[in-house]
Amino acid sequence: MSAVTDTMPFPREQGRSARPTVHTPPRHEDIRTEPAIVKWTVIALAALFMGLFIVLPLANVFAQAFSKGWDAYVAALVDPDALAAIRLTLFVAAVSVATNTVMGLVMAWAITKFNFAGKSLLITLVDLPFSVSPVISGLVFVLMFGAQGYFGPWLIDNGWKIIFAWPGIVLATVFVTFPFVARELIPLMQEQGSSEEEAAVTLGASGWRAFLKVTLPNVKWALLYGVLLCNARAMGEFGAVSVVSGHVRGETNTMPLHIEILYNEYQFQASFAVASLLAFLAVVTLFAKTVLEARLGSRSGRH
Amino acid sequence: MSRISRRLALAAALASLAIPTLASAADVNLLNVSYDPTRELYVQVNKAFGEKFKAEAGKTIEIKQSHGGSGKQARSVIDGLEADVVTLALAYDIDAIADKGLIDAAWQKRLPDNSSPYTSTIVFLVRKGNPKGIKDWNDLVKPGVKVITPNPKTSGGARWNYLAAWAYALKQNGGSAEKAQAFVADLFKNVPVLDTGARGSTVTFTERGVGDVLLAWENEAFLSKKEFGDDKFDIVVPSLSILAEPPVTVVDKVIDRKGTRAVAEQYLKFLYTKEGQEIAAQNFYRPRDPEVAKKYEKVFPKVELITIDDPAFGGWRKAQKEHFADGGIFDKIYSN
């Protein structure tokens, strides 16, 4: 075993290429050989692309949202069906994020701190929700809990509503957003190894205390980063939720579904008003992510 | 407190905030699972019925709505969407629910007029001034004409569209099913995009500006003109169309479990009252009631209408099997 590297003061740097980190690049990267025209063409192309495909459509959402003025904008958001959709979306996101934070930690912990048969299979399965289409992610729950599914008849007889009610929407969202936290944590915890926890336990800490005082502080920024991504997707998920929602207005419509409904009802301004709120939530998340990234960078440099 | 337990506490707080509000405050709750273009109709019906119910029974009622492609909506009810009533685009979709034992097999005899309180037909919506000169079905198969219709696999309206085109081709070709199939195949070659429901297609045509002609429910065509103004679109009535009878019924399994049978039946009967018929006519559905029909006679153009029970089709079950089931005629013409 590499007892030497474990005691080195800067063990974190190499495996972190997946995330932008602050590190001094080797000298030769500083020497640019391209003519200025190439440099500026590339930069202009990138900026143009961002402007045309990202900024302009997003700006248009806000322009449309306010096209009938502030009163109409507010009216669209305080409409009872819109409020119900906002409430449901926040509720579903909160439950999904909480579940996936805990389960993501458990999963990362199991994979990185223990050795067991089938471990690599488990690592592969973590990514599964990313690779299947959201429609499938919804349909699996219909097939399980729908009236024609395996558990459906029993659930109906006992007065449980899963599909076409909020539990189904939560299930589908948890399924779709599961990988975010686990995927953030696994590479980091793999790199860190378990030596610090071992040291803590050797010094007399209980397992729980070692987790709270050693593991958690070590991964907290990555954890938060995963939570943010998870939250963004949980609020925005459309496909899987659409399959299990049943589209009952004021009851099982989340914000993305409500936006589609309004759009289809020719209420374009109202539709964009709700969309702008969702976009705003996404921008806030993005901003928080950027702040986190900066902190993450400086932290890993400090260690 | 650790970050996680704090987060959990926050989630729990949010949960307790949200869950109770998911339940409704009304005395009686109904869910009406309907097809795509009826949104505006049932918003008004629900309001009028709610007022009447409050006045007569002294209780508040909340009627929730769910809309989508008719076939898809039927599938959701089969999969457990707790609809007290279904108001779908065509009888076959309700038959499909009945086949699963959720609705009495003889449902269509329970209410007058084949359980269809209003009818509609299929017309063409074209861009103002009709630049492509579209007058009748045979103009739709011309090269360079882009036709917008939803997918007959998922949309009830699309099935009516398809069958109306079929009926026209049969008539033109002396009853030759082969030639009718070729005609409908040519028509679908001119369809650039198939949405899953009627409203999706309408938005594609009106809002996104795709296509030269939209095959639409009459009510949907009128609504588009109303929403976007008379200066954007014209309605073209073909020489022959189909009598679309969108039926309604209660879902026995659900209402018996929820104990809502009386209210649900009362709600559907309301559609047949003068008030209900007026609302239907105002939303451009052809009313059944002769008096109300007379009053709105000028709104709806006279057109020769074939019915689904015509020998050419032999009712919905036969038509569904022949044309729209897996491996049916639509699959053959659309995969080629």
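Source: prediction; values computed, not measured. Here is how names work: the chains are called A, B, and so on, in the same order as the sequence lines, proteins then strands, and each is numbered from 1.
- Interatomic distance, B:L31 CG to A:F164 CZ, rounded to the nearest 0.5 Å: 10.5 Å.
- Other residues, nucleotides and ligands contribute over 12 non-hydrogen atoms within 6.0 Å of the CZ atom of B:F228.
- Residues A:Y266 and B:E207 have side chains not in contact (no heavy-atom distance under 4.5 Å, counting atoms from C-beta outward).
- Side-chain contact between B:L81 and A:H247 is absent, with no heavy-atom pair separated by less than 4.5 Å.
- Remark: the backbone N or O of B:I78 is paired with a side-chain donor or acceptor of A:Q148 at under 3.5 angstrom.
- No more than 12 heavy-atom neighbours from other residues, nucleotides or ligands sit within 6.0 angstrom of CZ on A:R209.
- Counting heavy-atom pairs under 4.5 Å between each of A:V248, A:L155, A:N253 and chain B puts A:V248 at the top.
- Under the 4.5 Å side-chain criterion, counting only non-hydrogen atoms from C-beta, B:K64 is not in contact with A:R249.
- For the pair B:R39/A:I261, a side-chain contact is recorded, criterion being any heavy-atom separation below 4.5 Å from C-beta on.
- Heavy atoms from other residues, nucleotides or ligands lying under 6.0 Å from NZ of B:K253 number 12 at most.
- Neither the backbone nor the side chain of B:L102 has a heavy atom closer than 4.5 Å to any heavy atom of chain A.
- Atom NZ of A:K68 is surrounded by 12 or fewer heavy atoms from other residues, nucleotides or ligands within 6.0 Å.
- B:K128 NZ: more than 12 foreign heavy atoms inside a 6.0 Å radius.
- For the atom pair CG of A:N264 and OG1 of B:T202, the computed distance is 9.0 Å after rounding to the nearest 0.5 Å.
- Comparing B:K72, B:E82, B:E40 by heavy-atom pairs within less than 4.5 Å of chain A, the highest count is held by B:E82.
- Judged by distance alone, with hydrogens and angles left aside, the side-chain atoms of B:S66 form a donor-acceptor pair with the main-chain N or O of A:G246 at under 3.5 Å.
- Heavy atoms closer than 4.5 Å to chain A are found in both the backbone and the side chain of B:Q65.
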